[in-house]
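Here is the structure we will look at.
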Amino acid sequence: DANIDDGSCTYPENDQYSLHFQNGGYVSTGSWFQGENNDYTILVDVRINEYPDENEEYFILHRAHFHDKKIGIDQNSNTIFASDRGGQGIPYVQVDYSLDNINVGQWYKVAFSANNDSLKLFIDGILVDKKERTFGNTNWTSSYYWSSLGGGGGYGGNPNVNISGISIWDVELNQSMIQSYGNTNLSGNEDNLTSYWNFNEGSGDLAVDIGPNGNNGTINGATWSSDVPDPILGCTDSYAENYNADANVDDGSCAGYPD
């Protein structure tokens, strides 16, 4: 309810670490949802270190019999892609974007969102593909096998990527929310957030979920890295006149508050 800043604001630290996935490394977690849920969003801060040399190298995978949900890169189609499926005999619906537009060694914010009508893929907050949802409900429990981050856990190819954070939301985030959350260090208490792995532990084999689900992951073969996205400095207080919606680290410059 405050409309005047008293200087008491605190801000989360900027990313300190990422995880490097290569040669089959991955983080195993429990299922991200239970039962039917058609409205969801997955946000990933990812750097592709080399273009795929195998078909369908997954860096996000919810593996289930004919109910897979995936985000990855594919040599055959030369795309970064995301897909969902609604059961046996039902084709995947895939949204994708040409890897010709993706630079190796550059950080990107990838978002995959779904609702009852469509699937969408965003790169750095820009909608790059949208497809009609042509199958029934998304069931996250049906024939569930496993969930993995950074790699497919032995399924599909092995991507060479760094990931500095992954968040999963129990809602279809709109474009402005994707842009806002993509440029914010999340606290873990945001509305509709279910899981958030910020990969800031820096050591050990545990990836802590600081979201409400507490769905901690076990690191298998991935290595800690100090390579992280560059911070965007600016005023992060939306009540200030010089608020910078792109900033993800507050630089103390906020000014111009209402009386």
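A salt bridge links D45 and K109; the closest N-O separation between the charged side-chain nitrogens and carboxylate oxygens is under 4.0 Å.
E190 places no side-chain N or O within donor-acceptor distance of the main-chain N or O of L186, the cut-off being under 3.5 Å. The backbone N or O of D227 lies less than 3.5 Å from a partner atom in the side chain of S18, making a donor-acceptor pair.
Scanning all heavy atoms of the two residues, the minimum distance from K131 to V93 falls at CB-CG1, 3.7 Å.
Taking CD1 of I80 as the start and CG of N78 as the end, the distance is 11.5 Å to the nearest 0.5 Å.
Geometric assessment of R63 against the ring of Y145 yields a negative cation-pi assignment under the 6.0 Å and 45° thresholds.
Classification of the F33-Y40 ring pair by plane angle, with boundaries at 30° and 60°, yields tilted. Taking the six-membered ring where tryptophan is involved, the planes of W32 and H62 are tilted, since the angle between them lies from 30° to 60°.
Put simply, I166 and V46 are part of the same group of oily side chains (I, L, V, M, F, W, Y) that touch within less than 4.5 Å, one to the next. By the rule that hydrophobic residues join a cluster once side-chain heavy atoms approach within less than 4.5 Å of another member, Y17 and V44 end up as members of one cluster. One hydrophobic cluster, built from ILVMFWY side chains closer than 4.5 Å, holds both I168 and L119.
Residue Y97 is tested with I123, T79, D129, V110 for a side-chain contact (heavy atoms from CB on, under 4.5 Å); the sole match is I123.
Other residues, nucleotides and ligands place more than 12 heavy atoms under 6.0 Å from the CG atom of N101.
S77 and D74 share a side-chain donor-acceptor pair at under 3.5 Å. There is no side-chain donor-acceptor pair under 3.5 Å between H67 and D84. Side-chain contact of S195 with D209: a donor-acceptor pair under 3.5 Å is present, judged by distance alone. A donor atom on one side chain and an acceptor atom on the other are not found under 3.5 Å apart for R47 and S164.
Residues satisfying the side chain to side chain donor-acceptor pair (under 3.5 Å) test with D170, not counting sequence neighbours, are N37. Considering only residues two or more places apart in sequence or on other chains, N116 meets the side-chain contact (heavy atoms from CB on, under 4.5 Å) condition with N38, D39.
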Fill in: Stepwise side chain to side chain contact (heavy atoms under 4.5 Å, CB included) test for F122 and S113
CA-CA 8 Å; F122 298 81; S113 69; 3.7 Å; yes
Fill in: Derivation and outcome, ring-ring contact (aromatic ring centres under 6.0 Å, His included), residues Y58 and Y155
CA-CA 8 Å; Y58 312 122; Y155 182 70; 5.7 Å; yes
